[in-house]
Amino acid sequence: MRITRSPILTLSDLEPGDRVRIETIDTADPAVQRLMVLGLVEGAELTFLRSSLGGDPLEFRIYGASISLRRAQARRFQVIPSVVVVNGNPG
Amino acid sequence: MATRVETAVSVDTLTVHRRAAGTVAVVGNPNAGKSSVFNRLTGLRQSTANYPGVTVERRIGRGIFGKTSLDLIDLPGTYSLSPTSADERIAVDVLFGRVMGTPKPGALLAVIDATRLYQGLYLLQQLVELRLPMIVALTMTDAAQRQGLRIDYDALQEALGGVPVYPIVATTGRGFPALKDALGRLLETPPPRPVEHWAELKVAAERLAERWRVGGMDLHPVEVERLLIDPGAYTAATQLQDDLAAERKQLFGDAPPLAVEARRRYAWVRVTLARVETPGSLVASRGAALLEWINRPWPATVLFVLSMALVFQAVFAWAKALADAIGAAITGFGAWVGTLLPDGAVNSFVVDGAIAGVGSVIVFLPQILILFLFIIVMEDTGYLARAAFLVDRAMRSVGLSGQSVIPLLSSFACAVPAIMATRVIPNRRDRIATILAAPFMTCSARLPVYALLIGAFVPVRNVGIFNLQGLVLFGLYVIGILGGVGTALLLRRSALRGENPTFILALPEFRMPNVQTVAIKLLDRVRCS
């Protein structure tokens, strides 16, 4: 049994190229709500592209669009690694 | 085809002062090619002004489609009907007919990027609910094709309650004949069928609209929906606030209404997207790999510094050759006019006064034009947004965000368009700090004065490898930048103290600049300076 519990993964903890699905969102911050209007909602899949000079802000690709946000907001999005679907439906 | 263009021109000269058959709002996501579509449909028959009370440009143009002439309003780009910045607010206000002096649009032309249908569908879903005659121009269909995306236009039309969809390519004009035909018939097009997405909200909004109508207030149910969901975005009378708060509690409980709306609408968007779009197998081209590489922090920084150096090099060195040529031409012209006129006061007035005076202003035109050209091209290609992403961290240390970089760079050309460019900054404090810092940047109109004073007071001498005059000019620019940064810092620590600004920016794909868009913007801005 592993003693270290796997930490909660957020949009702020990814490596370039990681593909994830948004699980839960802490919606209190109005900036987070704005990101939700741009499509960062539960169930949406994103790819982390890169971080900027100095590690912040971050750039993600979401269904063909590129969007950048700061780590402060990225931490509000809990994610899980996305299942790569070869054939058929996800989940 | 050629004859048709000719008729359009002659009809245009006849009808230019006549009333248009109706007003059509051109609405869409930022960077979807909305302005290119607008320019292509109206040509130079457009006028630019400001909306009352805000520094947001209002562009209205007359388009002639067959026998129908329509007034097109190019609205600022928006992702939704929930405004977060000054220009998004204007877009929404115009749609609801709340802007004095701007007619309420009777129909909609939605301009949506085919490669970003996910975000486009969100806005489309909201627009369809306005129940106005509407068509969709799907842009960037060439890019979608290259990415291997397949879009079922009929399925899309069906999902949008029957709104006709026209695939176009704004840069080449492909698909425009069909789009123009559709615009000619737009006012007779039946409004979209209601697409039932969210019955509870609709019922609540209609109930409130009905209650308020009795009290003498006539609001579109969608307007009431916005009042329910975007509490901070609009001001409503306190009496209405009570009604709204009660309904809000019923509909959303304690959850933020906007978050609830986003979840619901994107659930529909994902279902619709799966039905309408077949994702392609993305084959990365060599160009894409190169773009990917130069987007990395360090290559991007080097590129940024190099491009800034190139801009200043162009403004100070290359423009000089042009300016010298113009100067010589003006001197020659003055000398020639001097020989025609008899010696005396009149001769001196015309040659030394009028010609030399106007000439000394015209000489600086190349510098100003080149500077504007660079900034407009950087904006049009999407590079300015990349620059904002790159320097956000650094800008944060002076209390601003990366979004301030666009206006601050523009203000090297002219502070007026720079201040207009701040309209995309959502946070008000951040915006005001940027507006107050922008005029410290040395604008192009100040350049002649600096050049004159340096020429008069600084000796031509070399300091190491540098020329002393050039160093002094560089120093003046640095002082300007420091003044702006200092102002921003001071303000953010005193009058404009507040939470750190956020940085949320959609990064457009890099694209080749559109000659027509660049030319129209350049004309616009030269007029302003």
Side-chain angles (χ1 to χ4, degrees), chain A residues 11-12 16-17 19 21-77 84-91, chain B residues 29 31 79-80 82 84 113-122 144 147 149 232 255-267 269-270 273-274 277 279 292 295-298 300-301 304 385 388-394 396 401-402 426-427 500-509:
Chain A
L11 281 184
S12 164
R19 230 178 119 65
R21 193 167 70 219
I22 298 175
E23 279 294 290
T24 46
I25 305 171
D26 174 1
T27 59
D29 180 356
V32 169
Q33 294 170 28
R34 261 171 59 214
L35 286 164
M36 291 178 75
V37 170
L38 293 173
L40 277 76
V41 294
E42 291 89 344
E45 300 206 339
L46 299 89
T47 308
F48 176 52
L49 294 183
R50 62 181 68 84
S51 54
S52 178
L53 208 58
D56 204 15
L58 312 171
E59 182 183 354
F60 296 92
R61 176 155 293 263
I62 173 164
Y63 299 97
S66 277
I67 186 162
S68 91
L69 51 138
R70 287 184 177 166
R71 285 189 188 276
Q73 276 74 45
R75 272 194 279 276
R76 305 287 170 210
F77 293 84
V84 179
V85 187
V86 183
N87 259 324
N89 298 315
Chain B
N29 296 154
N31 299 308
Y79 286 102
S80 70
S82 311
T84 51
D113 181 345
T115 64
R116 290 183 291 146
L117 254 189
Y118 179 67
Q119 289 167 335
L121 279 170
Y122 189 89
Q147 292 176 16
L149 279 179
L258 196 55
V260 177
E261 185 191 25
R263 279 180 191 131
R264 289 202 68 129
R265 290 197 186 277
Y266 273 110
V269 166
R270 276 208 304 276
L273 201 64
E277 187 185 270
E292 168 63 36
N295 269 329
R296 286 174 189 189
W298 286 110
T301 309
F304 181 66
F389 175 69
L390 190 67
V391 301
D392 177 60
R393 189 66 192 256
R396 196 186 322 176
S401 85
N427 183 302
N500 245 328
T502 53
F503 179 76
I504 295 172
L505 191 63
L507 296 170
E509 294 303 299

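No experiment lies behind these values; they were computed from the predicted model shown. All chains are named by letter (A, B, ...) in the order of the sequence lines, taking the proteins before the strands, and each is independently numbered beginning at 1.
The backbone N or O of B:Tyr118 sits nowhere less than 3.5 Å from a side-chain atom of A:Tyr63 that would complete a donor-acceptor pair. A:Ser52 places a side-chain N or O within 3.5 Å of a backbone atom of B:Phe389 that can act as its donor or acceptor partner. At least one donor-acceptor pair closer than 3.5 Å links the side chain of B:Tyr266 to the backbone N or O of A:Val37. At distances below 3.5 Å, not a single donor-acceptor pair connects side-chain atoms of B:Arg116 with backbone N or O atoms of A:Gly64.
Note that CG of B:Leu505 and OG of A:Ser66 are 10.5 Å apart. Values are rounded to the nearest 0.5 Å.
Across A:Ile25 and B:Arg263, no two heavy atoms sit closer than the pair O-NH2, 4.4 Å.
Annotation: maximal heavy-atom pairing with chain A below 4.5 Å, among B:Arg265, B:Arg270, B:Glu261, occurs at B:Arg270. Among A:Val32, A:Thr27, A:Leu40, the residue making the largest number of heavy-atom pairs under 4.5 Å with chain B is A:Thr27. Each of B:Ala274, B:Ala388, B:Ala259 has some count of heavy-atom pairs under 4.5 Å with chain A, and the biggest count is that of B:Ala259. Chain B forms the most heavy-atom pairs under 4.5 Å with one residue out of A:Gly54, A:Ala72, A:Ser68, and that residue is A:Ser68. Options A:Gly43, A:Pro30, A:Ala28, A:Ser51 differ in how many heavy-atom pairs under 4.5 Å they form with chain B, and the most are formed by A:Gly43. The candidate with the highest count of non-hydrogen atom pairs below 4.5 Å against chain A, out of B:Ser80, B:Pro256, B:Ala255, is B:Pro256. Counting heavy-atom pairs under 4.5 Å between each of A:Leu58, A:Ile62, A:Val41 and chain B puts A:Val41 at the top.
Heavy-atom distances place the backbone of B:Thr115, and not its side chain, under 4.5 Å from chain A. Of the two parts of A:Gln73, only the side chain, counted from C-beta on, holds a non-hydrogen atom closer than 4.5 Å to a non-hydrogen atom of chain B. Proximity to chain A (any heavy atom under 4.5 Å) is shown, for B:Leu117, by neither the backbone nor the side chain.
You'll find the side chain of A:Gln33 stays beyond 4.5 Å of the side chain of B:Thr84, heavy atoms only. Contact annotation: the side chain of B:Arg393 never approaches that of A:Leu53 to less than 4.5 Å [non-hydrogen atoms, C-beta and beyond]. Side-chain contact check for A:Ile67 versus B:Leu507: every heavy-atom pair is 4.5 Å or farther apart. Two residues are said to be in side-chain contact when any heavy atoms from C-beta on lie closer than 4.5 Å; A:Leu35 and B:Ile504 meet this criterion.
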Is there a side-chain contact (heavy atoms from CB on, under 4.5 Å) between A:Arg34 and B:Ser82? Walk through the geometry before answering. CA-CA 9 Å; A:Arg34 261 171 59 214; B:Ser82 311; over 6 Å; no
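Using a cut-off of 4.0 Å between Lys/Arg side-chain N and Asp/Glu carboxylate O, A:Arg61 and B:Glu509 are scored as salt-bridged.
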